[in-house]
Each structure stands twice: as C-alpha cells, then as structure tokens.
Amino acid sequence: MKDKEKLLLIDGNSVMFRAFYALHNVLEKFVNHEGLHTNAVYAFKNMLENILKEVQPTHVLVAFDAGKKTFRTEKFDDYKGGRNKTPTELSEQFPAVKEFLDAYGIKYYELSNYEADDIIGTLAKQAENNGFEVTVVTGDRDLTQLVTDNITVDVTLKGVSEIEHYTPSHVEEKFGLTPSQIVDMKALVGDSSDNYPGVTKIGEKTAIKLLTQFGSVEGIYENLDEMKKSKMKENLINEKEIAFLCKDLAQIRQNAPLEISLADTLWEKENISELADYYRKMDFKKFLAELLSKNGDEIQSPDLKTKIEVTELTEDLLAQLDLNTDCVYFNLEMDGDNYHTAPFIGFSVEINSKLYASDNLELLKNSQLIRLLEDSSVKVNVFDGKRQYVGLNRLGISLTNIDFDLLLVSYLLDNSENSNDLGLLAQEHGYFDVTADEEVYGKGAKRQIPTGEELFEHLGRKVRAISMLKNQLFAKLKENEQLDLYVKIERPLSLVLAQMEIQGIKVDANRLEQMQSEFKERLSEIQQEIFNEAGEDFNLNSPKQLGVILFEKLKLPVIKKTKTGYSTAVSVLEQLRGMAPIIDNILEYRQLSKLQSTYIEGLLKVISGDQKVHTRYTQTLTATGRLSSVEPNLQNIPVRIEEGRKIRQAFIPSHKDWEIFSSDYSQIELRVLAHISDDQNMQESFNEGHDIHASTAMRIFNLNDQSEVTPNMRRQAKAVNFGIVYGISDYGLSQSIGITRKQAKQFIETYLDTFSGVKAYMHDIVKFAEEHGYVETISHRRRYLADIKSRNFNQRSFAQRTAMNSPIQGSAADIIKIAMIKMQKVLKENNLQAKMLLQVHDELIFEAPKEEIPVLEKLIPSVMDSAVSLNVPLKVESKHGITWFDTK
DNA sequence: TACATCACG
DNA sequence: ACGTACGTGATGTAT
C-alpha cells in the first residue's frame, strides 16, 4: 500500500508578510546587486524548508491573493479598507518569490475575485475528500475554521520560527469553540484588520458564551425570543443584517472555481541550475553554497563563498614572514564551551591582509608571534576576547591589547539576537562567507573536527570575518553613542572577568561530602515517611506522580494547574499545609533534595584539580546587561534559608590565614530609580539616609512619623518598591503580599501620587520605547523592545514592564561593572594581595590576607560608591569571615 | 528537548 | 477583556 498522500497549502501573502517583518530590522542589509530587497524571500525560503522537512508532503501549493478587488469587496465596500498600503520593499518581492517557487519546483496559484484563503479552503476540501492529509500554513488565525481531523492549520507566531498547530482539539481548547464556529464568532465580534464590524458591544468573551449556548449565529437568532431584555439583545436585533453579512465575509469558500486540480500540486524536484542562478541573482551566497555542496557534481564552476587563500603556517614560513604590523586578527580555536579546560584545535591569524592557520600549537611559542599578541602597540582583533584571553593564558601568553571584539560589540549593538557562534553572528551582520561551527564540526555523536585544509580554511574564514566587520560595527557603535560603553566598560571588564575566572574560588570538598552523607540519611527518612503517608511508593522527584498522589489519591484541593497537569509548586503546597502531614514532609524533601543535587553534588562535580571552581561569566547573554555565571553558577548559591546557607561554609580562601571579604550595594536599583526618575521624594529619602522601605510606608499609609510604621506596613511597602522596579501590576503585587487586587491597586495609586517623578518616568519611558523601539541605561546600553507596539495585550504589557525595568536593572549592572574595573586597578596600584573572585549582581566577593582586611574595609566601599555619580548617594556594606558563610 | 521546579539578585 | 511581576542557571522527569 502506498503511503498516505499529504498536501501542504501555504498562504503566500500572509507568510511573506510575516517573513518580511521577521527580518525587518535588517531590511537594508538584504538588498541585492540590482537594488532589490530580498529579506522576505530569504526568510520565506528558510521557513518553507523547515515546514517541508517537518510535514514531508507529497503535494504543495502556495496560494496568493490576486488583487484588492474580490467578491467580498463587492458585498461590502469597505472590506479590508483602511489597511496600510503594503510597503514597496515587500511588494517588490512577490515576483521574486514566485520566481523562487518556479525554480524550487513548487506550484503557486492565484485566482481573480478570490482571496488566497478561498483557494486554500477549496483545495483542502478536495484533498480531504480524496483521502489526503492536509496541512495549512498561515499567519492568520481565521483559517483555523478549516480545521478537521484531516486538516491541520499551522499558524506562525513570533517571526517565522515558532508555529502553533491547530487540530480540532486545540481549537476547542484555545477558543472554546469548534472550528466551524470560528466563522460565527467572527460574525459577532468583527475583524478590525479586515475591517468589518460585527455586532456592537460583542467581544470575544460574549461571543463564546452565546455560541456555546446556541451553537451558531443562526441558532442565536432562532432563540432570540428566549433571551431576556438587554442592551445586547437590542444590538443583536438591530444588527441582524450586519451579523449575517459578516458571517458571509468571514466564511472561507470551499467551492472556488479553480482552474487547477489536486494533481497539479504534486511537488516536483527543484531545478538545481535554475535555483543556483536564482540565488546568484539574489546574492544569497549561503544558500548557493549549501545548494552546490549538496549537488556539487551536477554543476560546474561552483561560485561558492568568496574564495579565500589560507596558508598553513609552519616554523619555516614563520621565520621568513614579515610580522611588522600594528594590527592583527587572531583566533585561538578550542574544542568545547569550557575554555578553562577545552583542548586546543589550532589558531588562525590575518596579518597584512594575508590569512594563516595552523593546528600546531607549538608555533605559539614563537617569540615574534607572541610579541604580536602581547605588545601594546599591536591591536589585536578577536571574537570573544575573554575566551581568547583565558585560552592564551593557558599557553603562557598574556593578551592585553584587544581592539575589536566581534562578539562583545555585536552584543552591545543588539542583545536580542545574539548567538555565540562567529559564523551565525557574522551572517546577522550581512557577512556570509564564514560557516557556522556546527556545520563544520557537527554535533553530538557526529561531532568530528576536520584536519588539514578544511580546518585551516574554516579558521581562516573566521579571522577574515572579524576583519571584514570591524569598521562597519565600530561605526554603528559610534552612531549609537555606545563607543564609551564598549571602550570604557565592556572591553576592559572582559579582561577583569577573565582574571577572576582564572583565579577561581577554593571549595572544601570534605565539608560538602560531610553534608552529603547527612542529607542522604535525612532524605531517605523523609521519603519513607512520605511513602507511608501516601500509602504507596512513587517517584518523589516527579511533579506528575506527586500530583496524582496529592490531588487524586488524597483528594486535596487543586489550587493551580500547569500546562501539563497539577501544579505542586511551593506556593501551592504552602496553601495545603495543615490539611495533611504529608505536605510538610514534601516541602522539606524538596528543599533538601535541591541542596543535595544542585549544590552539593553539582558543586562537587565541577571542582578542578586545584581544589577550586572556575565559573565562566557570560558577558554577552542577558537582555539587561547583567552577567550570568555557569559551570558552576556561583550567582545562586543559597543564602535565604539557614540550612542552605551552610553550603557557603564550603567556599574558603585559597591561602592559610586569609579571609573571604564581601561588599554589597544597598538598594542599588531603587537608588538608580531615584536618579533616573528624578523623583524628589525618593531622592530626599536617600539623601537623608532614611530607611527607604519605612519612608515609602509612611507615604503610602499616610503616616506622620516613622514610629507609626509597623513591621507589616514596612513589609508591604518593601513589596511595593520591588513591584515598582519590576514594572508594577496590581495582580503581581497582590500575589506577592497576599492582599486583594483592589487593595494592591489602591497601594499603587497612592504610591504613584506621592512619587510623581516615578509616575512620570514610567509613562515617559514607555513613550520613549514606542518612539525609538528601544530603551537605554545610563551608559547607553540598549534593549530593543520588538513587542512594544504589539496588538497582543500580553506581549505589549510585557514589553511595557520591560521598558520600565530594563533601564533600572541595566544601569545597576553598568555601575557594578565600572566598579569592578576600578577595583582591579586599585588593588594592583596599592600592591594588595587581595583578589576579586566573584560578582553576584550587586555584590563583590574577595579573598585577602587577614592583615589587609582593615585596608579593604575602607578601600573597597570607597571604590564602589564612587563608581558613578548619581544624584543620590550609593551605599555599600561590607562583611568578612573565614568562609563565605561567615561573611555576615 | 521541553517543562516544572527552585536557587539567587 | 486580556493574565502578569524583572533578570538568570541547574536539575530531574517525561517526551
């Protein structure tokens, strides 16, 4: 029996539209040599291939709209009226995408008087009747009305990478309606983008309610008499005609007079030479390269990536080379993420526009080569300077004069699409001549590092990409006023971080092992008690199995659900406390097993031969400008609960008679807010050294004297302050301090009335984001907010909260970064042995000989509180002790 | 590989 | 009417 036939139907206009906006921010980078924009076609091609791979259809058709005039506009003049004109940058790409489809062997079709939707509806129906499985791809949820057991509709979300699959049950779940009722809903609700009205005052909620009760628009009108008198009933009566017209407009036709048949949609093989010509015409070098490497034999003179010449570097060659230059592009290649231990693969260097590469690390002992990397008169240009610094440090080479760091600069320009791969990142900047590592090296079990020519070429291309992008990206930094951010903060910081990572922090493995065996015993005791209470054994680490025990077997009330079942999170268990003894045991088990697996066993796994852990700080990851820490994450070592805090006893100084010293900024984010919002009340509190939470309490509870502030008032005020920093919502605040939403709303209103500067800031920053598409910190670090104008309420609200929070969190990150750079310098200038080891967002941790402690107690806070000058003071608190635990 | 959970600021 | 706090990383289970 032959396999079931599968038809893939693509809504060409809708997908092109999505594709165009997915790469809208790089629109001007996608212009071919004829001046034609190509971004939408580029993204369309990528998306098409993803879909083809996933769906594996036998038949494919792309449907397009034929023109503005359709049978719908005849019925309703204003149908799709008021729409913005399609940008010419997009409309000029429609002929191009059709040309692409021709070469690719995929049929497309348009029919005058009908929309693409109707072509899709008609063919989907025909195919279903002929026993096909059908997949429809579109960006338009209206098409979900076509869903049946045999017809799936895939709606593209966010750009073109994510897809939501609509099956009958998913439609039901999502809208609470059957697919055929979608049309009825549109009839009642209307559609603002297609510009038909629906019935006045009926929104989605009401429509769903009515349709659940009466089934359809027809059903509603048949039963109108039963409905009790209301404004809504009146509207329904008055607008009956409109409702039926809208239903007709929303209804996708399944009987359009197509001139093509199902058989015509058979997916044919691509025409390789035609496709290659097309890619050349469009300047799609990467696609061309892929095509040719797959079909190399069938085509002559493969004009692949720009040819480059990479010379293998040897002892002899090195001896003759003229290394007299003040600028090199360099890359030391290591196999794996962890550059503290990763094996070396080779290196490449561009000198005077010539490329050299080698897999012989011995060459890096050459004094002339070392001079190039160490001499302060030679600018070294790299990708990921911190990684390079640590790698070279292992080889005894000290890299100090980095000029351009491609990774770091890319991150500062736009941290929203940041890859850690040189090839992928270069592509984002419009440079296609370097391949992604994964493509060259493979992944998982297939990973295989090439040798010889192939390796040299890849490494050569990497340094070439750095050199090709340097001027362009520096120019952009300058244009964004971000040159100082790079030169004065991020670039020097990368070397400070490298040194902290290399230094590492010593861990007392014996202490951890001792805790491990205590916990092991306690865990098995609690587990046994839980099993007794449950009446059966199960996997306690499985929220799913636990859910069954608690909510089905023990019949405890369900407080909250997750996507996949019952929630058993702490907040839920807390509420179940007292209803069954099992709950307390589960909470204790959870806590202990977290400590055991993540902190004790996890930490033991990453201790190096020197009895230290060497974390890696990711400097180019977060959206706000904070660092993050991996392998191990030393920024989330327990502290809030005493039992967990004891983990910190295992973090010790690396020398006898040394101590751990820690300084942290007190309320740095609120101080930053006071500064950037220029709120007079808040500034006054800080300037006069008041307890900020207490003074907030006085204002929101309208008290006259601080003595009237109860601990509970202070606690609530503190939560309000947190909420403000996060971009407050009444719901969020109500959850955090267990009050009603109404009360929370009242708190917020009172707060914003008193702190009018903050209120103005919240408003202005959102406006700024809407206008510019990004927000920035005091050091001009940017965060782009793609969703700030989203039509989706949730996405937009999230972007608004982000707009409020990011400058605050990000400026605080800027400040501590500046402090770290100064700190490293000051420690050296003062000939102190103390070493900076860790950064935990608002806190710096050092180790130092005991006798230096009195000096540090003055020096460190003074460096930190003078890092920047705000219009409120920065406050720093310090502690020290024989372990990290004892710094309290 | 995705999800739920929980550790931190 | 919408459904939420902001930013991270590691773990174990289930798919």
Side-chain angles (χ1 to χ4, degrees), chain A residues 189 201-209 415 444 538-547 560-573 586-587 590-603 605-606 615-618 621-641 644-645 647-648 664-665 667-669 719-720 722-737 741 744 748 783 790-810 812-813 816 838-843:
Chain A
V189 178
K201 289 279 174 198
I202 296 191
E204 219 172 287
K205 276 282 141 81
T206 320
I208 290 172
K209 220 176 85 195
N415 56 19
F538 62 99
N539 188 340
L540 245 178
N541 292 320
S542 162
K544 199 177 162 196
Q545 294 184 31
L546 179 62
K560 199 168 108 187
K561 287 197 141 197
T562 66
K563 276 185 215 174
T564 52
Y566 311 110
S567 169
T568 65
V570 167
S571 64
V572 171
L573 297 181
I586 292 167
L587 284 166
R590 279 264 178 87
Q591 218 178 76
L592 287 181
S593 80
K594 176 83 181 178
L595 293 176
Q596 183 80 310
S597 65
T598 303
Y599 295 103
I600 295 180
E601 288 165 356
L603 219 41
K605 271 186 228 160
V606 292
T615 187
R616 298 192 314 281
Y617 289 101
T618 19
L621 182 141
T622 68
T624 53
R626 275 190 175 182
L627 302 175
S628 85
S629 155
V630 294
E631 255 187 281
N633 179 355
L634 294 179
Q635 293 181 317
N636 71 347
I637 302 299
V639 66
R640 292 170 192 172
I641 293 165
R645 188 174 200 151
I647 299 284
R648 295 180 174 223
D664 67 284
Y665 283 110
Q667 285 126 14
I668 188 165
E669 292 192 343
V720 172
F722 267 96
I724 292 293
V725 168
Y726 293 156
I728 199 147
S729 76
D730 49 15
Y731 179 87
L733 180 62
S734 72
Q735 288 295 299
S736 103
I737 45 177
R741 215 168 138 165
I748 294 166
R783 177 165 188 181
S790 170
R791 272 88 55 212
N792 179 307
F793 177 89
N794 283 326
Q795 288 177 3
R796 189 176 63 249
S797 304
F798 185 68
Q800 288 169 346
R801 292 196 297 273
T802 311
M804 301 177 204
N805 170 265
S806 291
I808 302 173
Q809 193 182 113
I816 195 166
L838 305 175
Q839 188 251 43
V840 192
H841 309 307
D842 63 357
E843 175 182 20

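Naming: A, B, ... by sequence-line order, numbering from 1 per chain.
A donor-acceptor contact under 3.5 Å is formed by the side chain of A:S729 with the base of C:dT4.
Remark on DNA chain C: of its neighbouring residues A:S806 and A:D730, the 5'-side contact belongs to A:D730, judged by nearest-heavy-atom nucleotide.
Among the atoms of the strands shown, only primed sugar atoms or phosphate atoms (P, OP1, OP2) are found under 4.0 Å from some heavy atom of A:R783. Residue contacts shown for A:S593 are absent, as no nucleic acid heavy atom lies under 4.0 Å away. Nucleic acid contact for A:A623: sugar-phosphate only, since backbone atoms but no base atoms lie under 4.0 Å from a heavy atom of the residue. Within 4.0 Å (heavy atoms only), A:G727 reaches no atom of the nucleic acid at all. If you check every strand for non-hydrogen atoms under 4.0 Å, A:A719 touches a base.
Distances from the side chain of A:L733 to the nucleotides C:dG7, C:dA5, C:dT11 place C:dA5 closest. Checking C:dC6, C:dT11, C:dA5 against the side-chain heavy atoms of A:S736 singles out C:dA5 as nearest. Of the candidate nucleotides C:dG9, C:dT8, C:dT15, C:dG9 has the atom lying nearest to any side-chain atom of A:T618.
Between B:dT5 and C:dA5, the distance separating the two P atoms is 13 Å to the nearest Å. Atom P of B:dC3 sits at a distance of 15 Å from the matching atom of C:dT4, rounded to the whole Å.
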Test side chain to side chain contact (heavy atoms under 4.5 Å, CB included) on A:Y617 and A:Q635 and set out the steps.
CA-CA 10 Å; A:Y617 289 101; A:Q635 293 181 317; 4.1 Å; yes

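Here A:N539 does not reach the OP1 or OP2 of C:dG12: none of its side-chain N or O atoms lies under 4.0 Å away. Dashed line: the shortest gap from a side-chain N or O of A:S597 to OP1 or OP2 of C:dT11 is not under 4.0 Å. Taking 4.0 angstrom as the limit, A:S542 places a side-chain polar atom (N or O) nearer than this to OP1 or OP2 of C:dA14. Look at A:Q545 and you'll find a side-chain N or O under 4.0 angstrom from OP1 or OP2 of C:dA14.
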How does DNA chain C look in dot-bracket notation if pairs are Watson-Crick or G-U with both distances under 3.5 Å, crossing ones as [ ], other-strand ones as |?
.....|||||||||.

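Atom CD1 in A:I748 sits roughly 14 Å away from atom P in C:dA5 (whole-Å rounding).
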What string of B, S and - do you get for nucleotides 2-9 of chain B 5' to 3' if you count protein non-hydrogen atoms under 4.0 Å?
-SSSBBBB

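Contacts of A:Q800 classified as side-chain hydrogen bond (donor to acceptor under 3.5 Å, both in side chains), with partners at least two apart in sequence or in another chain: none.
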